[in-house]
2 protein chains.
Amino acid sequence: MNHTSQEELLNGLSRVSAEMPADETLYELADLFRVFGDTTRIKILCALSVSDLCVADIAALLSMNQSAISHQLRVLKQARLVRVARRGRSSIYGLDDDHVRTIFEQGFRHVRHIAPGEEKTHA
Amino acid sequence: MNHTSQEELLNGLSRVSAEMPADETLYELADLFRVFGDTTRIKILCALSVSDLCVADIAALLSMNQSAISHQLRVLKQARLVRVARRGRSSIYGLDDDHVRTIFEQGFRHVRHIAPGEEKTHA
DNA sequence: TGAATATATGAGCAGATGTTCATATATTCA
DNA sequence: TGAATATATGAACATCTGCTCATATATTCA
């Protein structure tokens, strides 16, 4: 490895380094995706994309402990992925905004090997 | 809770249940997002979105152990998020397809509170 | 108010995950 | 071929995560 190529390397890395978003942004990004990275939470989000639901309904739907669902809903709420509205003694949860659907959609496309721009196929 | 509302509830849950994708799809989806859910991997993907890089360069860029980077690249490769091309004794890694950029983009939008359709603002 | 119902929360535990260290496996070049 | 270089991989360890159990906190209604 001669001097010139090492200089080029350093310049190249500096350029990459300069184009990287701030570390804090990258942490936030990883935090967001980490929330999507669990089957239980994915199922909850998927269910809520069909209909708003109370905690007990979600638990019944996933055949899971009420406590487990409640804990996960808290994680989802902290990530601003779901919102909650109290109605009587129930808490009705729903998706917080459309980012969730869009992020989902891209995930599906990757899993199903569909190019980002390409037409959506069903099932 | 009377009989009618309980019946409605069951019907509602059945409907939600029917609209949910297959469990296996949801597992794959969670697996995909789990890969995005780590700061080191996010940084690697971010760097590769700027330029293809060899292992040593990525390690230098992130001030991290070569072994740690190599382990993470394997995870990224298994998820089909990066591809590798051997050039001499180096392995040059790059993003595998455009899903990565698109998923990133949506993540950024969420973190920065930009609506999915809305115009992109810089930095 | 008090019983019943719905949800939230804290502690504890088992399993998963990311890093490091040591070392194995290419690949180049003298 | 053998030394040097670049990457890959296995084992070990500390940390993180998600679930369960027990229990606390609303909220409704008789």
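Sequence lines set the chain letters: A, B, ... in the order given, protein chains first and strands last, and positions in each chain run from 1. Please read these numbers as outputs of a predicted model, since none were measured by experiment. These numbers come from the heavy atoms of this one structure, side chains and all, not from hydrogens, waters or symmetry mates.
Ring-to-base geometry places B:His71 in a stacked arrangement with D:dT9 (centre distance under 5.5 Å, plane angle under 30°).
Partner assigned to C:dA30 is D:dT1, using Watson-Crick or G-U wobble distances below 3.5 angstrom. As the counterpart of C:dA16, D:dT15 is assigned, both hydrogen-bonding distances of the Watson-Crick or G-U wobble pattern falling under 3.5 Å. Look at D:dT25: its Watson-Crick or wobble partner, with both distances under 3.5 angstrom, is C:dA6.
Remark: B:Ser91 is not in phosphate contact with D:dA6, judged by side-chain N or O atoms under 4.0 Å from OP1 or OP2. Note on A:Asn65: every side-chain N or O is 4.0 Å or more away from OP1 and OP2 of D:dC19. Taking 4.0 angstrom as the limit, B:Thr40 places a side-chain polar atom (N or O) nearer than this to OP1 or OP2 of C:dT19.
Nucleotide D:dC16 holds its C1' atom 13 Å from the CZ atom of B:Arg34, rounded to whole Å. Between the CE atom of B:Met64 and the P atom of C:dC21 there is a distance of 12 Å, rounded to whole Å. Straight-line distance from the CD1 atom of B:Ile69 to the C1' atom of D:dT9: 15 Å, rounded to whole Å. For the pair A:Tyr93 OH and C:dA6 P, the interatomic distance rounds to 15 Å; values are reported in whole Å. Distance B:Asp57 CG to D:dA6 P: 10 Å, rounded to the nearest Å.
Among the nucleotides C:dT7, C:dT17, D:dT20, the one closest to any side-chain atom of A:Val55 is C:dT7. Nearest nucleotide to the side chain of B:Ala56, out of D:dT7, C:dT7, D:dT20: D:dT7.
Side-chain atoms of A:His110 never come within 3.5 Å of backbone atoms of A:Glu105 as a donor-acceptor pair (strictly under, hydrogens ignored). Side-chain atoms of A:Arg41 come within 3.5 Å of backbone atoms of A:Val35 as a donor-acceptor pair (strictly under, hydrogens ignored). When atom types are taken as modelled, the side chain of A:Arg101 and the backbone of A:Ser49 share a donor-acceptor pair closer than 3.5 angstrom.
The stretch residues 72-90 of chain B touches DNA chain D through B:Arg74, B:Arg89, B:Ser90, each having a heavy atom under 4.0 angstrom from the strand.
Using a 4.0 Å heavy-atom cutoff across all strands shown, A:Ser67 reaches at least one base atom of the nucleic acid. Residue-level contact check: B:Ser70 touches the bases, meaning some heavy atom is under 4.0 Å from a base atom.
Annotation: of the two residues near DNA chain D, A:Asp38 and A:Gln66, the 5′-most nearest-nucleotide partner is A:Asp38.
Minimum interatomic distance between A:Phe104 and A:Ile42 (heavy atoms only, all atoms of both residues): CZ-O, 3.8 Å.
Inter-residue side-chain proximity for B:Lys77 and B:Arg83 is flagged as unmet; no heavy-atom pair is nearer than 4.5 Å. Using a 4.5 Å heavy-atom cutoff, the side chains of A:Ile44 and A:Leu61 are not in contact.
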Original post:
Can B:Ile92 and B:Ser90 be said to form a side-chain contact (heavy atoms from CB on, under 4.5 Å), step by step?
Top reply: CA-CA 6 Å; B:Ile92 310 296; B:Ser90 294; 4.2 Å; yes
